[in-house]
Amino acid sequence: MPYLGNEDMVKDLRRALSNPHVQSDHLRYRNAILKVIKLMSQGVDVSNLFSEMVKACATVDVVQKKLVYVFLCSYAALNPELSLLVINTLRKDCQDPNPMVRSLALRNMTNLRLPGLVEYVEQPLSAGLRDRAACVRRVAVLGWAKLHNLQPNSETDASVVNELYGLLRDPDPIVMVNCLRALEEILKEEGGVTINKPIAHHLLNRLKECDVWGQSEVLKILQRYQPHSDDELFDILSLLDSSLVSPHPPVMAATLSLFLSLSSALPAVSLAALERVQGPLLAACGSASREMRFTALCHIQLLLRSVPGLMGAHYKRFFCGYAEPAFIKQRKMQVLVELVNDENVAMILDELKEYCTDVNTDTAQAAISAIGRIGRSYSDRCLKILIGLLGLKQEHITSAVVQTMRDLVWVCPQCSETVCSALEGCEETLQDSQGKQALLWFLGAYGDRVSSAPYTLEVFIDTVRCETSPGVKMELLTASVRLFLCRPAETQDMLGRLLHYCIDSPADSLATKPRLSSVGLPDAPADTLATSAVVPLSLFPTLSPQEFERLWVQGAEHAEEKLDFVCRTEHLQGPNVTRVSPQSLQAALQLLNIHTLAFTPPRALPWRIYVYTHTAAPPRTTLVLAELLYQEAGAHAAAADGEDTDDAAALADGEEEATFGGGETARERADVKEIQVTLKQRPRDDNALKDVLSVLATVLHTLSCQTP
Amino acid sequence: MISQVFVLSSKGDRLVYKDFRGNAGSDLVSGFYEKVTALTGDQPPVVMRHKEVHFVHVRQGGLYLVATTTADSSPFAVIEFLNRFAALVKDYCGGLSEKSVQMNFALIYELLDEMDYGYVQSTSSDVLKNFIQTEAVSPRPFSLFDLANVGLFGADTQQSKVAPSSAATRPIQVRHHMTRLQAGNFHLRVCVCVQGGKSEIFVDVIERMTVVIGANGVLMKADVQGEVKVKCFLPSCSEIRIGLNEDLSVGASQLRGYGTTVRVDQCSFHPAVRLEEFDSHRILRLSPSHGEQSVMQYQLADHLPSAPPFRLFPAIEKDSGGRLLMYLKLRCDLPPKSAAVNVGATIRVPKGCVSMSQELSSPDQSAELSPQSRAVLWTIPRFQGGTQLSALFKLDVPALSSASMMEVGPVGLSFELPKTTATGLHVRFLRLSPVQPGPAQRWVRYVTHSDSYTIRV
């Protein structure tokens, strides 16, 4: 921070520091030095005073010494020659009878960070390792790590490394932990400090002597150790059990992570550990420090990814406090969404409903989208709340509700009827571009069911000149064209006006032309696919997940006797589906009127999605249900079809946890992919089924080629 | 591992800057401040990324305490360290504010110096006090005049005097008598703390309440987070014994005797606490270190031993003139002898509220409309237990519709309950050993704060 008159201040200080009267009065001297440090921490460049400060270093006053060292360590790199003068004083201090002076000198000697001084430092450091006082040994041990990082290319003396390993048995626990830290840095290239059985047991036995910081460090390093037998493993686990419920979150988190890595082969043990850790985690969520609360919430979110439903019984702990900051409220809502089940859904929705009218608009919108997320499983209840919120006629609420409904309809098309009737008339309250875009998308996609759609669009088209957001304009254009295709008579005139405006106004042509061309000429891959499919597909009538499940299971039972039902299993070669994100696959299939009902979480194995569509070939319409399954090579035989969706979801969740451990490499290895597609159709129509299969194959190939 | 630590004032001035590993870019501090100020609203992400480094920050006392770290460190550890650092500064400098940090920056550098190479060596004030040489400069010297201010906490001592509120916020003194003994590995230092002739110990039982009461008056959620803190300024005290309620039960299943027991769901202790007598007599034994220590933390969920302290009876209607009438009756269900202080009720009102007229039941209360936060703030300086207060607010809301009635509420209450604990936990006795030579002041204080107290309307 530059202040006026800095240079004068520095000059004054120089004069004061070199004044013999000041130098003889140690309080005045110290005060002058204090001023220098104060300027330094404000960011003023006081490096000119270096030589004066070097002189001030030779003193018996420990406070003054400490202050001067703070200065010297910051500016030594700029004055390597003058720093040489300091080293003599420091080396002399290393012989001082007072251990505090010794440790201070040693620490700052290594903090100067001058590669040229290394030769002077090595000898005192070696002596420091054998010092009587623990505080000197602590500094000396870390000093070697600093020295190593100063000259990363030079080999550190093997005898030093050995001595550091020996000091792991030092009576002082901090020296022990510092040895681990130093070895970790010195041996970085070799993969860090070696943890063999005696060292691991020694560390475990002394864990209780360390403080919080030492414990978390040791626990982190112990993750590298693999016990040799089950007995040993269980001994270690029972020793760590008390740290698992430590009131200090760093220790608790480090222990949990060690527990999970040790018991990766024993899912029951990991689960028990996660259950046990709930208490301290919840306590951290209620900690007085908001930052700690936030971290704990993030941690819980992570755990929920591998064990869905953990903390389910404690959902009330995630209700937001009145005065909590918005960033904590939003996290809590994200956790609440994960915890919903049949018993608590009513309570959670009631609570979220309260947040929807929060003063903070971000919080309100987060609450609304959280309700939307729950709506994917409990659509009726959530839609009721969302429709109720539209009645408030508040800009930000309406906008968030419309966006949420759009997302909900995308996932659950069976809600579209309700949404169509609810959205009428809400265009008056919408002000922001995001909300308008959502509404326009909806009018374009479901225009044939909203009776007032053309009139709503007309209002938008009439005011298009005042619209500033290019996104809204593009969406408007798309919606008008889509509506024109299904209701030409009502829309023709206004579409003409809109196109006229778009072509006329040069400012907008850049924004709208690309969209015009993409609407007119099908050049996107998805559009090409749509035209290549021989049989037209349709999403309607929609199926709810429950209906899908029923049909799927029913099909399996009566497969033999029903003639108009077909169940086929095919294998598709090639596409690497696990790299495709489920969301983009879902979007691509949706464009082709194939609806995705359920999919496994990203990167989980076996990878699996469930889709359905209706074929509308001229003679009759058929319903096609399909399961796409990918398993790792070798597991094919075990793959049984006919599982209902719930089972699949549970399986996927279990698998994901295992993937945390070693799935990564396995995925990279298996490059040759084979996807098993199970198709069920009713009534039977072989040609249509073949077409559906080819559409699916093309989509998978296209997407897996696109993703790097 | 922490690479740098710095403290910024709320205006972004650098107060303290310590580079542990010497790998910082020059624009580190400004980079952080730009990131923090560029955020809208009150959403500071605790962890932020800037080029290669990660900033982890904590806001306390209007200051930003920031640590930078590399990707592989535990966020819990860094945040715990920053909180502990803030507590140490409070202990040593007698408070955490821009002023106290500016006045004591030399001491803070000394504290940070004990974190060698970005590795935390020790944060116990007992260990550190051997290394810290600088004396703290207290922004406000302790004087007898302060005794005139009645503290927020009531006092409950043998002489039933009032504990000075400033006493607990004064720095630990580190004046050492330079007598050193070389004994084995450690140097011992006889340090005599001179406290203006006073040796004192404070035991605070602090509870924070989170309550949600539904629109129908049903208690929907009640949590209590409690803490027993010890602040010790005694020159020579090897052990203290704190006796808690003998009928205290821990966990749901454990019941002692009959009748009403004091129960907590979970409790955890400071590692230095010895629990030999806890199971049988509920006595905590510890050797106190100087400065503040959280001796015991506990939680209670869902089952409060007594009724929630406040109830609200609202009546909200539209009058003929198109105004919104809110008639609120607030009842305090504390025992008649105790009282709540600094009670503030925040009542959410519909958007577009322009003005308000009010009728309050006593002159010391006040209420104001804050259109920005869409709320009426009703403040009650003191609220006696067992009494009832009422208020009538008439709000002018242009375009009042039936939908805007839905926007009224919830009501949030903030308060302090001195001399009261929501769980009923109390300290039976506080014994010091060896018996103190001089007149040692022992203070035991109780307070319950509202963490979040929401009443749905």
Side-chain angles (χ1 to χ4, degrees), chain A residues 1 34 37-38 41-43 62-63 66-67 70 74 98-100 107 113 132-134 138-139 142 145-146 171-172 174 178 181 211-213 216 220 247-250 253-254 279 283 286 288-289 291-292 294-295 316-317 319 321-327 354 357 359-360 362 391-394, chain B residues 13-17 19 22 29 41-46 58 74-77 79-81 83 105-106 109-110 113 116-117 119-124 131 133-134 180 185-187 208 210 212 221 223 225 266 268 297 299 301 348 351 373-375 403 406-407 410 412 414 451-454 456:
Chain A
M1 192 103 347
L34 264 176
I37 308 288
K38 193 166 190 173
S41 41
Q42 283 167 352
V62 182
V63 178
K66 282 194 175 181
L67 286 173
V70 170
S74 314
N98 181 353
M100 198 164 49
R107 175 183 305 157
R113 299 194 198 107
R132 279 166 307 159
R138 292 173 190 169
V139 173
L142 280 183
K146 296 182 204 170
D172 184 69
I174 299 183
N178 278 355
R181 292 162 169 162
D211 61 357
V212 180
W213 320 108
S216 29
K220 191 171 147 199
H248 300 285
S289 147
E291 287 81 7
M292 190 53 93
F294 178 79
T295 321
K316 278 191 185 178
R317 303 294 285 271
F319 285 0
Y322 187 73
E324 270 176 332
F327 66 102
E354 294 291 333
T357 49
V359 182
N360 185 316
D362 289 341
L392 289 176
K393 301 225 176 282
Q394 298 238 333
Chain B
D13 295 332
R14 241 163 74 158
L15 302 178
V16 171
Y17 177 84
D19 186 355
V29 176
D42 61 339
Q43 46 158 150
V46 176
V58 163
S74 147
F76 276 122
I79 287 177
E80 175 102 342
F81 163 72
N83 283 333
F105 69 94
Y109 274 120
E110 265 192 286
D113 206 33
D116 205 4
Y117 209 38
Y119 294 109
V120 189
Q121 302 286 302
S122 174
T123 50
S124 130
F131 297 101
Q133 300 280 327
T134 318
R180 282 191 208 111
N185 279 330
F186 292 93
H187 65 286
R208 289 179 293 125
T210 310
V212 178
K221 173 193 164 179
D223 284 340
Q225 310 265 343
Q266 245 184 2
S268 54
Q297 292 176 326
Q299 289 103 38
R348 183 77 48 76
K351 201 178 179 186
S373 57
R374 264 173 56 204
M406 281 170 68
E407 289 179 61
S414 63
D451 193 28
S452 158
Y453 196 99
T454 313
R456 301 268 152 78

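Naming convention: chains lettered A, B, ... in sequence-line order (proteins, then strands); numbering from 1 in each chain.
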Checking heavy atoms, do the side chain of [X], its backbone, both or neither come under 4.5 Å from chain B?
| X | result |
| --- | --- |
| Arg107(A) | side chain |
| Lys220(A) | side chain |
| Ile174(A) | side chain |
| Leu67(A) | side chain |
| Ala254(A) | neither |
| Lys393(A) | neither |

Let me know if [X] has heavy atoms under 4.5 Å from chain A in its side chain, its backbone, both or neither.
| X | answer |
| --- | --- |
| Ser414(B) | neither |
| Ala375(B) | neither |
| Gln225(B) | side chain |
| Thr210(B) | neither |
| Ser124(B) | neither |

Give a yes or no answer on whether the side chain of [X] reaches the backbone of [Y] with a donor-acceptor pair at less than 3.5 Å.
| X | Y | answer |
| --- | --- | --- |
| Arg348(B) | Thr357(A) | yes |
| Lys221(B) | Lys316(A) | yes |
| Arg317(A) | Asp223(B) | no |

So which heavy atom on [X] is nearest to which on [Y], and how close?
| X | Y | answer |
| --- | --- | --- |
| Ala288(A) | Arg208(B) | N-NH2, 3.4 Å |
| Pro410(B) | Glu354(A) | CD-OE1, 4.4 Å |
| Ser452(B) | Gly321(A) | OG-CA, 3.1 Å |
| Ser289(A) | Asn83(B) | OG-ND2, 3.1 Å |
| Ala106(B) | Leu34(A) | CB-CD2, 3.5 Å |
| Arg14(B) | Ser41(A) | NE-O, 3.1 Å |

Next item on the list: Let me see the working for Phe327(A) and Val46(B) under side chain to side chain contact (heavy atoms under 4.5 Å, CB included), right down to the final yes or no.
Entry: CA-CA 9 Å; Phe327(A) 66 102; Val46(B) 176; 3.9 Å; yes

Heavy-atom side-chain proximity of [X] to [Y] below 4.5 angstrom:
| X | Y | answer |
| --- | --- | --- |
| Gln121(B) | Leu142(A) | yes |
| Val70(A) | Asp113(B) | no |
| Phe105(B) | Lys38(A) | yes |
| Phe76(B) | Met292(A) | yes |

Taking every non-hydrogen pair under 4.5 Å, which of [options] racks up the most with chain A?
| options | value |
| --- | --- |
| Tyr117(B), Phe81(B), Tyr109(B) | Tyr117(B) |
| Asp19(B), Val29(B), Ile79(B) | Ile79(B) |
| Val58(B), Leu15(B), Thr454(B) | Val58(B) |

Checklist line | Contact leader toward chain B among Gly286(A), Pro247(A), Ser216(A), where contacts are heavy-atom pairs under 4.5 Å | finding: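 Going by pairs under 4.5 Å, I would pick Gly286(A).
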
Checklist line | Among the listed options Ala283(A), Pro249(A), Gly391(A), Gly279(A), the residue most often paired with chain B at heavy-atom distances under 4.5 Å | finding: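 That would be Pro249(A).
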
Checklist line | Partner of Asp116(B) by side-chain hydrogen bond (donor to acceptor under 3.5 Å, both in side chains), out of Lys146(A), Arg138(A), Arg181(A) | finding: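 Considering Lys146(A), Arg138(A), Arg181(A), a side-chain hydrogen bond (donor to acceptor under 3.5 Å, both in side chains) with Asp116(B) is found only for Lys146(A).
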
